[in-house]
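All remarks here apply to the structure that follows.
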Amino acid sequence: MINPLQSLAQFYLPKQASNFAAETDFLFNAILWISIVSFVAIVVVMVWFAVIYRRRPGYVPKPSPSHSLGLELLWTIGPSLILIWIFFEGANGYATLKTPSNDAEVIEVTALQFGWQFTYPNGEVTDTLHLSVNQPVRLQMTSNDVIHSFYVPEFRAKMDIMPGRKHSMWFKPTLIGEYKLFCTEYCGEGHSKMVRDVIVHAEPWKEMLRKNVRWREDQNHPVANGHRLYKLWCGGCHSYDGSAKTGPSFKGLASLTNREFADGSSLSFSGSESDEWQDYISESIRKPDAKIVKGYPNQMPSFEGKLSPEQIGYIIRFLREVDGGTYTEPAKPATESEVEAGAEAAVAPQ
Amino acid sequence: MATTNVVRDEYSELVDLEHSHDHEHGQFIAHHFHSAEQQFDSGKLGIWLFLVTEVLFFGGLFVAYIIYRYNRPDVFIDAHHHLDTLLGGLNTIVLLFSSLTMAWGVRAAQLGDNRTTAISVLATMVCAALFLGVKAVEYSHKWDLGLLPGNLFSYDPLAKHDHALISNYLVMLCVPFGVLLLGFLLGAILNLNTGKKLIGQFYGGMAITMLGYFAGVGVGVLWMATMTPKHDSHDDHHAAVVVAADAVRPVVFSADDAAPKVETAVVDGAAAAEAPAGSTAPLDKSLGVFFSIYYCMTGLHAVHIIAGIAALAWIFYRSLAAQWRPDYFGPVDFVGLYWHLVDLIWIYLFPLMYLIR
Amino acid sequence: MATVTQKQQLFGHAPTNHYLDASRGVMSWIFTLDHKRIAIMYMYGVILSLFLAGIFALVLRLELYTPGPWFLTSAQYNQMFTLHGAVMVFLFIIPSIPAIIGNFVLPMMLGAKDVAFPRLNLASLWLYWAGGFFFIVVLATSGLDTGWTFYTPYSTTTSTNVIAATLGAFILGFSSIFTGLNFIVTINTMRPKGMTWFRMPLLLWGLYSTSIIQVLATPVLGITLLLLIVERLLKLGIFDPAYGGDPLLYQHFFWFYSHPAVYIMILPAMGVISEMLGVHCRKEVFGYKFIALSSVAIALLGFLVWGHHMFTSGQSEMASLVFSAITFSVAVPSAIKVFNWLCTMYRGDINLSTPMMYIMSFIFLFGIGGLTGLWLGALSTDIPLHDTYFVVAHFHYVMVGGTMTSLLGGLFHWWPKMSGRMYNEPLGKLFCLLVFIGFNLTFFPQFIMGSLGMPRRYHEYQAVYQIYHQLSTIGAFTLGIGIFGAVMTLVYAWFFGRKASGNPWGAATLEWQSSSPPSFHNFEHRVIVSAPYDFSSVVYDESVDGYVPVVPKREAAPAPQPTPAPVSN
Amino acid sequence: MAQHATTTHAASDDHGHGHGEHFAHPAPVWVLLGTFGALIFLTILTVFIADNVELGSFELLVSMGIATVKAVLVGAFFMHMFWDKGFNVLVFLSSLLFFALFIGFALMDSYETLPNVSDYYKR
């Protein structure tokens with residue numbers, strides 16, 4: 001049995017993918033039909049009056065009262081009652097929204113210009129949000145820089161994330177699928193690029209995490225480590241395929257021979273193995289305001305203390321890899337010794 | 001659509017009424033008002049509405065003050081060591097006295113006694129300038145110590161504070177008033193000698209006002225001089241307090257949290273960048289927020305005092321020109337109301353800033 | 001004995017020395033104290049701002065025709081929407097009706113020669129220009145990309161010219177305060193004898209309520225922007241969390257002004273609609289007291305609801321509940337007005353003129369704008385809709401559909417008085433229709449994409465929303481043509497229109513007792529105060545091609561006199 | 001028709017009379033001096049209390065109370081509110097009402113969200 005109103009709703013409402021959706025949509029539709037009825041009534045009456053009482057030869061208006069306390073009370077009290085009902089329905093839904101379930105899994109969310117980082121209970125960090133169906137989650141959210149906002153339309157859930165305080169929200173995904181996560185508080189140039197995927201898995205993601213499917217830098221290829229760190233920290237502002245983003249692209253960065261800066265100075269490099277180049281990259285990550293690339297504003301935050309020297313080394317390896325503008329996943333290193341060798345090679349000069 | 005039933009004779013009556021009452025308008029009644037009282041009532045309501053905007057303008061700062069005092073009571077209690085209650089109290093009394101003279105001036109204007117009005121308004125201006133002089137000493141002393149707003153805050157409780165009694169900042173703050181004093185003196189002498197009595201008296205009065213500023217500076221410096229030994233020991237005592245507080249940072253939000261963590265870098269980023277690792281006692285910049293609010297509130301108040309002096313000067317000139325009459329004293333009353341509001345705001349600022357214990 | 005010539009001089013089009021001709025030269029305009037000239041000069045600025053910000057809007061809409069970036073970079077797009085919003089809000093919509101129609105009509109409705117403080121009025125105009133100049137500075141330098149809300153900490157860290165823009169808005173705030181202060185005093189102390197509070201025209205109630213908000217709320221904007229400037233310069237640490245500040249506090253400061261400011265925008269529009277409706281239905285406005293008092297109620301309640309802009313911001317749940325509840329209480333007085341307007345049309349003598357078209361368009365658009373507010377006031381439905389295109393559509397329906405529609409309607413209605421000329425009726429109606437269609441085509445699709453989840457202030461968007469964006473873009477250009485055409489119709493009328501009589505509509509309020517355009521001192525004769533919507537107090541007179549007041553018998557004035565014989569039927 | 005034309009003349013004929021001082025209310029000298037004396041006394045009192053009396057959390061309340069008494073004195077007598085039109089007094093008091101609303105809501109919100117801020121710094 002298909003509810004015709006329900007099937008109509010698919011044209012103006014996203015899928016219902018969380019426990020809030022049905023309740024919120026009920027109120028949405030209720031207000032919609034209340035509005036349609038009252039609006040149509042108003043417009044019909046207005047147009048009808050305008051037609052039959054229009055000024056025309058031979059038309060003589062009949063006298064009519066200029067006030068009526070009864071009518072005024074009617075249209076004061078009538079709408080008031082409806083409004084009170086709407087308020088309570090809204091408040092009810094809000095209460096559900098604000099009362100987290102007891103068995104909620106906690107995921108830490110860090111928003112930064114212009115990307116997201118999700119830290120799961122076992123310490124794994126990803127840039128897309130992985131959830132398991134029917135498992136309530138509580139997001140503990142902080143911002144690295146300016147105000148962001150976490151919004152997944154299908155979940156009917158939204159929460160601003162302000163720097164300097166901790167925000168918390170919860171929901172229970174109820175529908176398997178892939179959704180979009182939007183930033184809905186204007187946060188700067190790359191605001192509209194701060195869109196990531198939310199994947200609701202059929203099998204419990206939690207189980208996968210228990211099996212310790214977390215990224216271990218010491219067991220992965222340094223370039224793969226670098227790619228992962230790029231997605232978490234750099235990808236919001238820097239492309240590696242040469243496309244324009246907030247900051248300069250990484251394409252051709254490793255083969256750079258000369259870099260001009262906003263203050264008129266410049267640096268020359270003799271290849272990406274040279275100390276000058278590696279020092280420059282390392283400094284740009286830790287103290288970005290020291291050298292601003294010509295043509296770009298001084299807007300990059302410092303990652304001092306957020307990335308370890310090893311991690312900066314992985315990023316440097318990644319930069320060399322994507323110099324041509326494309327990234328290919330390195331084959332998994334075969335032996336432990338290769339991994340160790342890779343990790344040593346990756347450590348950046350200080 | 002309708003026939004006219006106008007009584008045509010009436011038109012001639014309608015026409016002749018234009019300008020019929022213009023001759024009744026006195027010198028001070030604008031053309032669009034019917035009477036002195038209507039004009040006075042309009043002005044009075046206007047100035048009250050202006051005061052309403054002033055209250056809400058300052059209101060924003062009071063809200064900021066109360067929110068931060070509520071959020072960080074310890075910072076605010078810390079802060080009172082740096083404010084001199086006696087100078088603040090002196091300034092309070094000076095402002096209250098200026099309110100008295102202002103009210104006296106309004107009364108005299110209402111009675112048509114222009115001479116008393118001029119003297120009262122002059123006294124009010126001298127008090128206002130004196131207030132600014134004391135304030136200049138307070139400000140410059142704090143700037144010497146590095147008690148600056150927000151991120152500029154660089155007060156180091158461990159450093160020795162042997163600064164000159166008359167600091168460079170104070171000299172800078174005195175320069176404009178010195179220039180004005182000389183200008184007014186010159187103007188007064190020239191005009192009185194050439195027989196332009198009115199403007200000469202006005203310049204003379206303004207010169208006396210500027211002297212009030214230097215009187216305030218003098219009082220402030222003398223007080224600072226007598227206080228210096230005690231003040232320094234006070235600072236030393238306070239240094240211990242600050243260092244102790246630093247040990248348990250971030251004390252502001254959680255007393256039970258012992259060591260400052262890397263994650264607080266967002267807050268301490270600026271401080272950490274300036275203080276090299278391993279140096280003792282990083283600056284507690286949270287006190288800077290108190291001084292942000294302190295300078296915003298007292299600074300905005302000082303701007304209002306300066307604007308008040310300008311308005312009072314206008315009243316002073318018109319009093320010398322004997323323009324007030326029992327049916328025309330509005331401007332004195334309106335400037336008076338403004339002046340009392342400035343006083344009112346200080347009445348609240350004084351305990352909020354200086355009397356926190 | 002009065003002759004026909006004399007009557008024409010009094011009530012017909014202006015014979016000699018009207019306010020436009022009273023003195024000549026640029027200086028006589030720049031330093032004028034005449035409220036009518038100040039209104040005209042405000043009009044230049046306001047219409048210019050409308051066109052400037054309108055062009056920004058068209059550029060934005062064109063860019064959004066495709067999901068990916070087209071001809072603007074993200075940085076340029078962000079500057080465009082910020083400047084569109086900031087110019088529209090601070091330079092167009094807030095001053096629009098009070099500064100143009102209010103300044104021109106308010107003293108005349110009181111039968112007065114000028115507002116209470118003509119010099120303050122002129123200062124207000126200068127401050128408006130000065131504020132506008134700062135926005136030009138912003139345009140000429142590094143622009144502005146914070147959104148018109150200047151939210152910290154983005155506004156304290158971005159490299160664009162936030163200081164010039166906030167300084168401009170700060171100055172415009174004072175311009176607004178001065179206008180409001182002037183209007184309150186004028187209405188309070190300069191009402192003529194016989195005009196009690198409840199015999200004032202409804203436009204005056206609207207302007208009075210607006211002025212209350214301007215005086216009470218705008219200073220808070222002033223201090224907020226001042227603090228923001230100092231925060232940027234000195235890193236105060238009041239709003240910026242990097243130095244211990246609280247961004248949520250900024251939002252409280254900002255919306256304490258900016259929510260009431262929404263009513264600064266719409267209350268005068270409601271006043272204009274109430275005023276014109278009576279005239280063009282030639283019938284006493286139904287439920288006068290309810291319309292009048294609901295304006296004041298909206299103005300006062302408007303101060304208690306600012307938190308509904310912050311439902312998702314992390315403000316406390318208690319605050320959200322309280323703000324939501326009070327928000328719904330504001331809906332009631334708005335509903336009262338709409339129902340009363342409908343009842344005014346009942347059994348009216350409805351003149352289907354261009355202003356009447358704008359009135360009906362207003363009721364339609366404001367109806368949608370108001371009703372969609374219900375979703376945004378209710379907590380659970382606001383959460384997914386907040387900061388999406390649903391909100392964009394909602395406030396455009398209220399601000400543009402409401403305020404701009406009634407501004408245009410009001411200009412058509414009072415144009416004969418301002419210019420002394422009649423506009424072209426068929427052209428006026430045509431462009432009104434174009435504005436109506438274009439407006440709905442622009443903003444109705446935005447409701448749908450908003451409820452589907454399209455966030456606002458996005459340069460690039462998901463392809464599923466493209467069809468709505470395309471409709472919206474087409475609508476925007478239709479709307480642009482409509483507005484441009486309507487303004488051009490008025491400009492044409494100013495120079496080439498048919499001469500208008502003193503009272504072409506048969507309105508009973510006092511400003512229509514002057515000649516068209518009015519003389520320098522507004523009235524050539526003593527005004528006759530009657531009830532504002534007593535249309536039996538004016539009768540049509542062929543000799544002046546307009547309406548003239550029924551002059552009371554001498555012995556009857558000023559005591560109430562019996563109702564004259566019905567004249568119009 | 002509820003409101004029919006009750007017509008009167010706008011520019012009243014009787015505005016010409018009474019250019020008197022009936023709208024001026026000079027304050028008596030003893031009131032001014034008495035107010036000033038009370039203000040000085042209260043200033044000294046509030047400093048004395050702050051320095052010598054331990055009031056704990058009531059301190060803010062007491063000092064604000066004294067400040068309010070001072071403000072009322074200044075308002076009533078120096079600013080002539082005691083003799084002024086009721087409407088003007090209402091206008092001024094309304095500013096305090098709206099200020100109270102502003103501060104009330106902001107403080108209520110700040111009070112309830114303080115844990116979110118302290119949580120952040122505790123981490």
Side-chain angles (χ1 to χ4, degrees), chain A residues 12-14 23-24 27-28 31 35 39 42-43 45-46 49-50 53-55 60-62 64 66-67 72 75-76 79-80 83 86-87 89-91 93-94 97-98 146-147 149 151 153 156 158-160 162-165 167 180 182 184-193 244 297-299, chain C residues 73-75 78 147 151 153-154 157 159 241 246-248 284 286-288 290 312-314 317 321 324-325 328 331-332 335-336 338-339 342 345-352 360 363-364 367-368 371 374-375 378-381 383-384 386-387 448 451-453 455 457-462 569:
Chain A
Y12 57 83
L13 285 173
E23 194 178 354
T24 307
L27 182 60
F28 189 103
I31 301 176
S35 298
F39 180 69
I42 288 170
V43 171
V45 167
M46 178 178 78
F49 283 177
Y53 301 125
R54 72 185 185 281
R55 189 175 296 173
V60 179
K62 295 192 190 79
S64 62
S66 68
H67 58 93
E72 301 286 354
W75 60 52
T76 306
S80 296
L83 292 174
I86 294 176
F87 165 71
E89 274 301 305
Y94 186 69
L97 220 65
K98 290 287 164 185
V146 298
I147 306 176
S149 186
Y151 175 43
R156 312 285 190 275
K158 182 183 286 142
M159 186 77 193
D160 287 8
M162 285 192 195
R165 58 173 71 198
H167 295 267
K180 290 290 175 196
F182 297 105
T184 45
E185 187 62 61
Y186 175 68
C187 58
E189 195 180 329
H191 173 53
S192 68
K193 298 184 186 78
N298 178 9
Q299 56 189 3
Chain C
T73 65
S74 290
N78 294 342
Y151 267 14
Y154 186 69
T157 51
S159 57
D246 184 359
L248 196 62
E284 185 173 353
F286 192 86
Y288 171 95
F290 280 84
T312 67
S313 71
E317 281 124 51
L321 284 170
S324 169
F328 281 108
V332 177
I336 289 175
V338 172
F339 292 128
L342 289 185
M345 293 173 73
Y346 174 68
R347 288 191 176 175
D349 181 14
I350 300 175
N351 176 12
L352 292 176
M360 287 163 56
I363 294 176
F364 185 99
I368 294 181
L371 286 167
L374 299 180
W375 279 274
L379 281 164
S380 66
T381 45
I383 300 291
H386 177 83
D387 265 346
I448 300 171
S451 63
L452 283 172
R457 296 176 169 174
Y458 262 36
H459 176 222
E460 297 166 31
Y461 54 89
Q462 309 292 311
N569 39 38

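Throughout, a chain's letter reflects where its sequence line sits, starting with A, and its residues are numbered from 1. Only a predicted model underlies this, so the values are computations on that prediction, with no experimental measurement involved.
Between A/Pro14 and C/Ser451, the shortest heavy-atom contact is CD-O, 3.1 Å. Closest heavy-atom contact between C/Asn78 and A/Glu189: ND2-CA, 3.2 Å. A/Ile31 and C/Ala378 get closest at one heavy-atom pair: CD1-CB, 4.4 Å. Taking every heavy atom of both residues into account, C/Leu379 and A/Gly90 meet most closely at CB-O, 3.7 Å. Annotation for C/Val332 and A/Ser80: closest pair CG2-OG, 3.5 Å, computed over non-hydrogen atoms. Closest non-hydrogen pair, C/Pro241 versus A/Pro163, comes out as CG-CG, 3.5 Å.
Inspection of the A/Asp160 and C/Ser313 side chains reveals no N or O donor paired with an N or O acceptor under 3.5 Å.
Top candidate by heavy-atom pairs under 4.5 Å with chain A, chosen from C/Ser159, C/Ala331, C/Gly287, is C/Gly287. Taking chain C as the reference chain and counting heavy-atom pairs below 4.5 Å, the highest number among A/Tyr186, A/Phe87, A/Tyr94 is found for A/Tyr186. Most heavy-atom pairs under 4.5 Å with chain C: of the set A/Glu23, A/Lys193, A/Glu89, this distinction falls to A/Lys193. With chain A as the partner, the residue from C/Leu321, C/Leu371, C/Ile448 showing the most heavy-atom pairs under 4.5 Å is C/Leu371. Comparing C/Gly367, C/Ala335, C/Gly348, C/Ala325 by how many heavy-atom pairs each has under 4.5 Å with chain A, the most go to C/Gly348.
With a 4.5 angstrom heavy-atom cutoff, C/Tyr154 touches chain A via backbone and side-chain atoms both. Both the backbone and the side chain of C/Thr381 come within less than 4.5 Å of a heavy atom in chain A. Contact of C/Ser324 with chain A is made through backbone and side chain together, with heavy-atom distances under 4.5 Å. A/Met159 touches chain C through backbone and side chain together, each having a heavy atom under 4.5 Å away. Looking at A/Leu97, the atoms closer than 4.5 Å to chain C (heavy atoms on both sides) all sit in the side chain, from C-beta outward. Interface remark: A/Tyr151 contributes side-chain atoms only to the contact with chain C (heavy atom separation under 4.5 Å).
To the nearest 0.5 Å, atoms CG (C/Leu342) and CE (A/Met46) are separated by 7.5 Å. Taken from CD in A/Glu72 to CD1 in C/Ile336, the straight-line distance is 6.5 Å, to the nearest 0.5 Å. Atoms OH and OG, from C/Tyr461 and A/Ser192 in turn, are 11.5 Å apart once rounded to the nearest 0.5 Å. For the atom pair A/Ser64 OG and C/Arg347 CZ, the distance stands at 6.5 Å (nearest 0.5 Å). We find the OG1-NE2 distance between C/Thr312 and A/His167 to be 9.5 Å, quoted to the nearest 0.5 Å. For the atom pair CG (C/Leu352) and OH (A/Tyr53), the distance works out to 14.0 Å, reported to the nearest 0.5 Å.
Checking side-chain atoms of A/Lys98 against main-chain N and O of C/Glu317 turns up no donor-acceptor pair under 3.5 Å. Side-chain atoms of A/Arg54 do not come within 3.5 Å of backbone N or O of C/Ile350 as any donor-acceptor pair.
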Could you give me the CA-CA distance, side-chain angles and deciding distance for C/Ile383 and A/Thr24, then say whether side-chain contact (heavy atoms from CB on, under 4.5 Å) is met?
CA-CA 9 Å; C/Ile383 300 291; A/Thr24 307; over 6 Å; no
Go through the steps to decide whether A/Phe182 and C/Gln462 satisfy the test side-chain contact (heavy atoms from CB on, under 4.5 Å), and finish with yes or no.
CA-CA 11 Å; A/Phe182 297 105; C/Gln462 309 292 311; 4.0 Å; yes
Take C/Leu374 and A/Ser35, measure what side-chain contact (heavy atoms from CB on, under 4.5 Å) needs, and give me the verdict at the end.
CA-CA 9 Å; C/Leu374 299 180; A/Ser35 298; 4.2 Å; yes
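Contact annotation: the side chain of A/Arg165 approaches that of C/Asp246 to within less than 4.5 Å [non-hydrogen atoms, C-beta and beyond].
Below 30°, between 30° and 60°, or above 60°: for A/Phe28 and C/Trp375 the angle between ring planes is between 30° and 60°, a tilted geometry. Note: C/Tyr346 and A/Phe49 have tilted aromatic rings, judged against thresholds of 30 and 60 degrees for the angle between ring planes.
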